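In what follows, a single structure is set out as structure tokens and then discussed.
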Amino acid sequence: MAEAAEKNERMSLAVKSAQSIMIVQGALGLLSGVLLIAPLAALGGKGDVLTSLVLGLSVVIAVLIGWWAGKWISRRRRVRIAALGLECLMALTYVSGRTLDPPPNMYSLVLPAVVLLLLLLPSAKAWFDR
């Protein structure tokens, strides 16, 4: 009976906010992927390969982040650790992409930073450690 009550406990506001932002990141990553296909195809492989790889990697990571956020029915510690790792990867792709070719917007860095901060809060840690 105690296990059922524990599973039905509501997410903390920090965890729910982080999950929502991660889903938005996934949607934006999917949209970016769709919008990047045409210009990259038009270049026919003549563009900067490294920039294309970093952009493609950030799109894949963003979609993976959105998918992972939808899997938060588990409250295991490894779910939180994996989310922190994915957000760190997303921030790193922004930084590496910024050195290659400055992107027009900052959401690629702001959203991972906000999610990292939210998931590092004590309330989020307590929610996942149960």
Side-chain angles (χ1 to χ4, degrees):
M1 186 69 121
E3 281 183 33
E6 188 174 299
K7 284 186 178 182
N8 290 332
E9 184 182 341
R10 296 173 58 111
M11 278 187 194
S12 71
L13 182 59
V15 174
K16 189 65 175 170
S17 299
Q19 183 184 35
S20 298
I21 292 170
M22 289 174 75
I23 290 171
V24 167
Q25 281 179 302
L28 290 174
L30 192 58
L31 179 64
S32 296
V34 169
L35 294 176
L36 283 174
I37 289 173
L40 291 178
L43 290 174
K46 297 177 185 171
D48 186 12
V49 175
L50 189 56
T51 302
S52 298
L53 285 175
V54 169
L55 287 173
L57 180 63
S58 66
V59 167
V60 168
I61 292 171
V63 171
L64 187 59
I65 285 171
W67 174 79
W68 189 254
K71 296 289 184 182
W72 280 10
I73 55 174
S74 173
R75 294 176 64 175
R76 294 183 180 158
R77 177 186 291 156
R78 67 180 177 183
V79 172
R80 179 174 162 264
I81 300 293
L84 287 168
L86 285 171
E87 290 299 334
C88 285
L89 279 175
M90 189 65 178
L92 286 173
T93 59
Y94 173 81
V95 171
S96 63
R98 184 83 173 160
T99 59
L100 297 172
D101 187 29
N105 50 32
M106 288 289 293
Y107 85 86
S108 297
L109 182 62
V110 172
L111 293 180
V114 170
V115 172
L116 284 169
L117 288 173
L118 288 171
L119 290 177
L120 291 173
L121 289 174
S123 63
K125 185 177 185 302
W127 191 83
F128 278 107
D129 284 344
R130 291 189 184 144

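It should be emphasised that the depicted structure is a prediction, and the values quoted were computed from it without experimental measurement.
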Legend entry - Euclidean distance, M22 CE relative to L118 CG, rounded to 0.5 Å: 11.0 Å
Legend entry - Single-linkage hydrophobic cluster, 4.5 Å side-chain cutoff, L116 and V110 together: yes
Inset, instruction - State the CD-CH2 distance between Q19 and W68, to the nearest 0.5 angstrom. - result: 12.5 Å
Legend entry - Q25 side chain vs A62 backbone, donor-acceptor pair below 3.5 Å: no
Inset, instruction - Could you tell me whether the side chain of L121 reaches within less than 4.5 Å of the side chain of V15, counting heavy atoms only? - result: no
Legend entry - Heavy-atom check, side chain of V115 versus side chain of L84, under 4.5 Å: no
Inset, instruction - Any chance you could measure M90, atom CE, to I65, atom CD1, to the nearest 0.5 Å? - result: 5.5 Å
Legend entry - Nearest-0.5 Å distance that lies between atom CG in L111 and atom CD1 in I21: 6.5 Å
Legend entry - W67 (side chain) donor-acceptor with I23 (main chain) under 3.5 angstrom: no
Inset, instruction - Verify the cluster assignment for L89 and V114: are they in a single hydrophobic cluster under the rule of side-chain heavy atoms below 4.5 Å apart? - result: yes
Inset, instruction - Hey, could you give me the CZ/CG distance between F128 and L119, rounded to the nearest 0.5 Å? - result: 6.0 Å
Legend entry - Exam field: side chain R80 to backbone A124, donor-acceptor pair closer than 3.5 Å: no
Inset, instruction - Give the minimum heavy-atom separation between G29 and V63, together with the two atoms involved. - result: C-CG2, 4.0 Å
Legend entry - Separation of L64 CG from L86 CG (nearest 0.5 Å): 5.0 Å
